[in-house]
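Contents: one structure, followed by commentary.
We name chains A, B, ... by the order of the sequence lines, and we start the count at 1 in each one. Fair warning: this is a prediction, and the values are worked out from it, not measured in the lab.
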Number of protein chains: 2
Amino acid sequence: MKPSTSIQDYLKRIYELTENGQPASTNDLARELNVKPASVTGMIQKLAAEKPALVEYQKHQGVTLTAAGKRAALEVIRHHRLIETWLVQTLGYSWDEVHEEAERLEHVISEDFERRIAAALGHPLRDPHGELIPTADLKMPLDESTPLSALRKNQSGKILCIKSADADLLRHLNELGLTPNTSIEVVDYSPFDHNLTVTAGKRTSVLGLNITGRIFVEKK
Amino acid sequence: MKPSTSIQDYLKRIYELTENGQPASTNDLARELNVKPASVTGMIQKLAAEKPALVEYQKHQGVTLTAAGKRAALEVIRHHRLIETWLVQTLGYSWDEVHEEAERLEHVISEDFERRIAAALGHPLRDPHGELIPTADLKMPLDESTPLSALRKNQSGKILCIKSADADLLRHLNELGLTPNTSIEVVDYSPFDHNLTVTAGKRTSVLGLNITGRIFVEKK
DNA sequence: AAAATGATTTAGGTAAGACTAAATTTTACA
DNA sequence: TGTAAAATTTAGTCTTACCTAAATCATTTT
């Protein structure tokens, strides 16, 4: 049976937090889900007890997803990213505005609806932030992008993805012209603070690691 | 604060059941909401105790909506009907398929989303079933339609609205060519059983009261 | 008018999913 | 290595919205 909205949210966050290969901690999950750590422990124990289990869990060791949990998470993520893409393409939302709306819609659309928007959009590979969209058979495509922070003076690339859910930051980047699909060139690198000076379009900006670590590019 | 999904459902059903001017009974509400009568009593008492109260309620006398309750109900109904219209126009759903999807989406869309689809659709007056869409300031437009059951031999009209949530019935009518905006003529009337023989497009059908009472037309 | 029937309400219970406070485990560091 | 701090878990509550069973009210029939 279809997991509840709460469970879908837990699975999605666990997926995101474990993308680095490490189990997700109770604390980190609590912060991401805007919930107290004690509530996370309770829910995790429940998810581990489902059959089939949705998470792998050892007390005090953090959680990871089982195959079943991963499938459920990718389903939600696919919904989220398709919906964002669709809102931008058909309702004129800008890419920094769609997150909240998608966050609610992702839990209530049918599989039929998912198929229809995927088809209407031509089965897109990335959402408006540049995030990869899981395929219909729930595989996450390979990510061939590089963090902007890895580029040095005179290297250039095309922005593929902005990884952040911080609306203020996204709006700021939008104003700087740093949006997915924009070509970008590093004109200076400061080895002290790792700041990059980059030009995108006609604009030049100096960016710290907190930003260059969230922008992912295809190296030219 | 925004009412819960359950409360929105209760208010919507109370609105529908009181359109005839009569208070809604516990039993009828329970049937419409797929819930036991005891649960309805509990919820109604809660809604009457809210401040401001959302319903008017006297034990054993049924419920009606207060002004605040009516506003909340019309908000949900507006969402529902705009969403149905939008699914049909932009995703190729047919008018007999959209109800379930709208039933879930209506509770989670933002006011911004509502405004965007209303604008994208050109602020439509009726949804794909022909139901009137409450205006942005939450007034229900006047209904100038007549039930098909009131027409007699040689009278004709245009179908404005099909009032039913029964998917099988809707599909059946769709197959008979009895859809909103279709012109229709009564070629025979049986005074015994009130059956009407009507032609719509090239097709002729004999319809009982259970159907002619649910089809609303603009008399020519 | 009393009894039977049906509708409604009351009382008490359950499941989800959150919370607080207290107990425990792990980690860090002096 | 012992202790303090941080992270985590346990235990016990709360709210929402449903349920069943039993009691009460209203209506119809006799």
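For the pair B/Ser6 and D/dC18, the criterion of a side-chain N or O lying under 4.0 Å from OP1 or OP2 is met.
With hydrogens and angles left out, the side-chain atoms of B/Asn27 and B/Ser25 include no donor and acceptor closer than 3.5 Å. Side-chain polar atoms of A/Asp96 and A/Ser94 form a donor-acceptor pair below 3.5 angstrom.
Atom CD1 of B/Ile14 and atom CG of B/Leu65 lie 5.5 Å apart (nearest 0.5 Å). Atom CD1 of residue A/Ile162 and atom CD1 of residue A/Ile215 lie 4.5 Å apart, to the nearest 0.5 angstrom. One finds the CZ atom of B/Arg31 at 7.5 Å from the CG atom of B/Leu17 (value rounded to the nearest 0.5 Å).
Screening A/Glu32, A/Glu75, A/Glu103 against A/Lys12 for a salt bridge (Lys or Arg N to Asp or Glu O under 4.0 Å) leaves a single residue, A/Glu103.
The aromatic rings of B/His194 and B/Tyr189 sit tilted, their planes meeting at an angle between 30° and 60°.
In summary, B/Arg13 and B/Asp9 do not engage in a salt bridge, as defined by a charged side-chain N under 4.0 Å from a carboxylate O. With respect to the salt-bridge test (charged N to carboxylate O, under 4.0 angstrom), the residues A/Glu16 and A/Lys70 do not qualify. The pair B/Arg78-B/Glu114 meets the salt-bridge criterion, since a charged nitrogen lies less than 4.0 angstrom from a carboxylate oxygen.
Taking atom CG of residue B/Leu29 and atom P of nucleotide D/dA17, one finds them 15 Å apart after rounding to whole Å. Atoms CG (A/Asn27) and P (D/dA7) sit 5 Å apart, rounded to a whole Å.
By the neighbour-count criterion of 12 heavy atoms within 6.0 Å, atom NZ of A/Lys163 is densely surrounded, having more than that number from other residues, nucleotides or ligands.
Partners of A/Phe113 by ring pair (Phe, Tyr, Trp, His ring centres under 6.0 Å), not counting sequence neighbours, listed by chain and number: A/Trp86.
Across residues 7-16 of chain B, not one residue has a non-hydrogen atom less than 4.0 Å from an atom of DNA chain C. Applying a 4.0 Å cut-off to non-hydrogen atoms, the residues of residues 35-53 of chain B that approach DNA chain C are B/Pro37, B/Ala38, B/Thr41, B/Gln45, listed by residue number.
Taking five base pairs at each end of the helix from C/dA1-D/dT30 to C/dA30-D/dT1 and finding the rotation axis that steps the C1' atoms of four pairs onto the next four gives two axes whose angle is 10°, to the nearest 10°.
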Can you check side chain to side chain contact (heavy atoms under 4.5 Å, CB included) on A/Ser110 and A/Arg115, steps first, answer last? CA-CA 9 Å; A/Ser110 67; A/Arg115 277 191 293 273; over 6 Å; no
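Separation of the B/His107 and B/His79 ring centroids does not fall under the 6.0 Å cut-off.
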Let me have a per-nucleotide readout for nucleotides 23-28 of chain D, 5' to 3', with B, S or -, counting only protein heavy atoms under 4.0 Å. --S---
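Of all nucleotides in DNA chain C having an atom under 4.0 Å from a heavy atom of chain B, the first and last in 5' to 3' order are C/dA7 to C/dT10.
Formation of a donor-acceptor pair under 3.5 Å by the B/Thr85 side chain with backbone atoms of B/Arg81 is found in this model.
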